[in-house]
Amino acid sequence: MNTDKKRILLLLPTKTYRATDFLAAASQLDVEVVVGCNRRQTLSDLSPRKSLVVNFNMLEEATQQIVAFAETDPIHAVVGADDDTTILAAMASKALSLPHNTVASAYATRNKHRMRKLLAEAGIASPRFDLVSIDDDPTKISARVSFPCVLKPLTLAASRGVIRANNPAEFVAAFHRVVAILQTPDVAAQGKPEARQILVEAFIPGIEVALEGILTRGRLKVLAIFDKPDPLDGPFFEETFYITPSRLPANTQEKIADCTARAAEALGLREGPVHAELRLNDEETWIVEVAGRSIGGLCARTLRFGTGISLEELIIRHAVGIEVESLQRERQPAGVMMIPIPHAGILREVRGSNEAKQVDGIEEITISIPIGQEVVPLPEGTRYLGFIFARGGTPESVEAALREAHRRLAFVITAHEV
Ligand code: ADP
């Protein structure tokens, strides 16, 4: 082995969408990769040269395993693929004395109540909130909340269980629906006390944007600001379009960047990728959420930096100490549509893919749910049907291409297994 070569530990949970893209990125760089994974099966699928099976839910034990591994095979950076890896990445980096986000900050980004408290303490615009227990009487709570409001679980992601209520009757119905989600086996099995709580927030009207950035010693470099041109007014908050560059005026974009930087600081985030969701209205620039990870799903494929560097490669470069400050996003407008699940059932067939691919500007269409599998829409579901990617001369033409491609697709979903 070349002893100068840096070695990274890439934390890839079995269900991540990002394994292929992170591994492809690592192969572009002169780094050795150890894949930290929670199941051996994924490892054989990906056939990496080295691997470490760790339990992402047993954080102390997993950290010790990583430290023991690093005694013989030194690790120069720990890179997490998504939400499920951020706390372990912080703990392992701390134990290995690598630059890292504090463990407390990683916890704060994974608990929506803790995040709201820290943002409020730092005076950052974020909605009023109230924490309630699933054992409380929703009728009584509904008498004291202001409407419209949003109910949400504390630790879930991808808008799962996030529901708007406009009046007491909707509140009670939404409350029972969130409780049912919190009691589904996959959530309840985690045994977290947060699964017995619901956050109730004031609904913030306005448009929504996302910011993708990277922190180096606490300084935020903005990588992209995405517009979300479809209104996100509820009752459920299905993401569809992400289009960059933003069409908002430069001073509004500065406010978005400034607000994200202050929020990251308030949470204690200092190193690595950040993904923020913000809402804008006449009153304020509001933080909906800041995560210490990069953009989810396959959406990172919209971004390329310098001469074709992927977001995953940029993240690994940053982690091993290669300068990324000078890297700029390719100027060409780009976008993605996350294809929502129209209704529950079994996905039988996807029609129109060839016609959709022929739309000018469409680069790729990926259906990420295999034919024959069950599909569940929000607020209970956790996945999208797939992703459509486009590039074009303007953000408007990218949006139009995505809409047209989606119009040409038809999803055959039957109600029951036959
Ligand atoms: P998750 O982490 O599951 O995505 P979020 O808290 O980010 O949960 O909420 C998901 C989406 O729901 C947001 O992107 C936004 O569109 C909407 N949303 C959440 N909270 C509010 C709020 N207080 N006001 C308005 N919209 C909200």
Side-chain angles (χ1 to χ4, degrees), residues 17 82-84 86 106-120 124-132 145-166 170-171 174 177-178 181-182 184 186-187 190 192 194-195 197-212 225-242 256 259-260 263 267 274-297 299 338 340 376-384:
Y17 282 106
D82 52 27
D83 265 337
D84 291 345
T86 51
Y107 270 107
T109 59
R110 299 288 289 123
N111 179 315
K112 295 179 200 295
H113 177 236
R114 206 174 299 192
M115 188 176 63
R116 286 278 173 259
K117 271 176 52 179
L118 289 174
L119 294 176
I124 292 165
S126 119
R128 273 178 291 109
F129 61 93
D130 189 5
L131 186 66
V132 302
V145 294
S146 309
F147 292 102
C149 69
V150 174
L151 295 86
K152 58 172 81 165
L154 270 57
T155 61
L156 301 186
S159 304
R160 186 176 181 202
V162 181
I163 306 178
R164 172 179 169 162
N166 295 316
E170 285 183 13
F171 182 93
R177 207 156 170 180
V178 178
I181 292 169
L182 290 172
T184 49
D186 70 309
V187 181
Q190 293 172 11
K192 292 184 186 164
E194 296 94 329
Q197 296 172 318
I198 298 174
L199 192 62
V200 182
E201 296 182 351
F203 174 81
I204 311 163
I207 58 164
E208 191 162 317
V209 295
L211 179 146
E212 195 65 21
I225 296 178
F226 290 91
D227 289 336
K228 303 187 185 185
D230 268 358
L232 283 154
D233 288 333
F236 315 128
F237 298 89
E238 204 154 55
E239 307 243 48
T240 47
F241 299 100
Y242 267 58
I256 294 167
C259 187
T260 307
L267 298 177
V274 274
H275 178 80
E277 312 277 348
L278 301 96
R279 284 206 161 218
L280 317 177
N281 56 30
D282 293 344
E283 205 186 326
E284 264 300 352
T285 304
W286 304 82
I287 290 283
V288 176
E289 179 161 65
V290 180
R293 53 147 174 96
S294 55
I295 189 168
C299 300
M338 290 161 255
V376 183
L378 279 176
E380 283 80 14
T382 54
R383 295 192 292 175
Y384 292 91

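Just so you know, ligand 1 is whichever comes first in the structure, and atom 1 is the first atom listed for that ligand. The figures here come from the full heavy-atom set of this structure, side chains too, leaving out hydrogens, waters and symmetry mates. Everything quoted here is computed from the prediction, not taken from an experiment.
At a 4.0 Å heavy-atom cut-off, ligand 1 touches Lys112 through the side chain alone. If you look at Pro205 next to ligand 1, there are no close heavy atoms at all, none under 4.0 Å. If you look at Val162 next to ligand 1, the close heavy atoms, those under 4.0 Å, all belong to the side chain. For Ala291, no heavy-atom contact with ligand 1 is shorter than 4.0 Å. Contact annotation: for Ser159 versus ligand 1, heavy atoms closer than 4.0 Å belong to both the backbone and the side chain.
In this structure, atom 18 (N) of ligand 1 lies nearest to the protein heavy atom Val288 CG1, 4.2 Å. Ranking the protein heavy atoms by distance from atom 15 (C) of ligand 1 puts Glu208 OE1, 3.1 Å first. Closest to atom 24 (N) of ligand 1, if we only count protein heavy atoms, is Ile204 N, 2.8 Å.
Evaluation of the salt bridge (charged side-chain N to carboxylate O under 4.0 Å, His left out) rule for Glu239 yields Lys228 as partners, not counting sequence neighbours.
For the pair Glu380 and Arg177, the salt-bridge criterion is met [side-chain N within less than 4.0 Å of a carboxylate O]. Asp82 and Arg293 are not joined by a salt bridge, as no carboxylate oxygen comes within less than 4.0 angstrom of a charged side-chain nitrogen. In this structure, Arg160 pairs ionically with Asp186, as a charged nitrogen and a carboxylate oxygen lie closer than 4.0 Å. Using a 4.0 Å cut-off between charged nitrogen and carboxylate oxygen, Glu289 and Lys112 count as a salt-bridge pair.
Phe171 and Phe147 have perpendicular rings, their planes meeting at more than 60° on a 0 to 90° scale where under 30° would count as parallel.
The closest approach between a heavy atom of Cys149 and any atom of ligand 1 is not below 4.0 Å.
The structure places CG of Leu154 at 6.0 Å from CG of Leu131, a figure rounded to the nearest 0.5 Å.
The shortest N or O to N or O distance between Phe237 and ligand 1 is not under 3.5 Å.
If you check each of Arg110, Lys228, Glu289 against atom 7 (O) of ligand 1, the one with the closest non-hydrogen atom is Glu289. Counting only non-hydrogen atoms, the option in Lys152, Arg116, Glu239, Arg164 that gets closest to atom 19 (C) of ligand 1 is Lys152. The closest non-hydrogen atom to atom 27 (C) of ligand 1, taken over Val150, Asp83, Ile287, comes from Val150.
At distances below 3.5 Å, not a single donor-acceptor pair connects side-chain atoms of Arg164 with backbone N or O atoms of Val150. Formation of a donor-acceptor pair under 3.5 Å by the Asp83 side chain with backbone atoms of Thr86 is not found in this model.
Those atoms of ligand 1 that come under 4.0 Å of a heavy atom in Leu156, given as number and element, are 2 (O), 3 (O).
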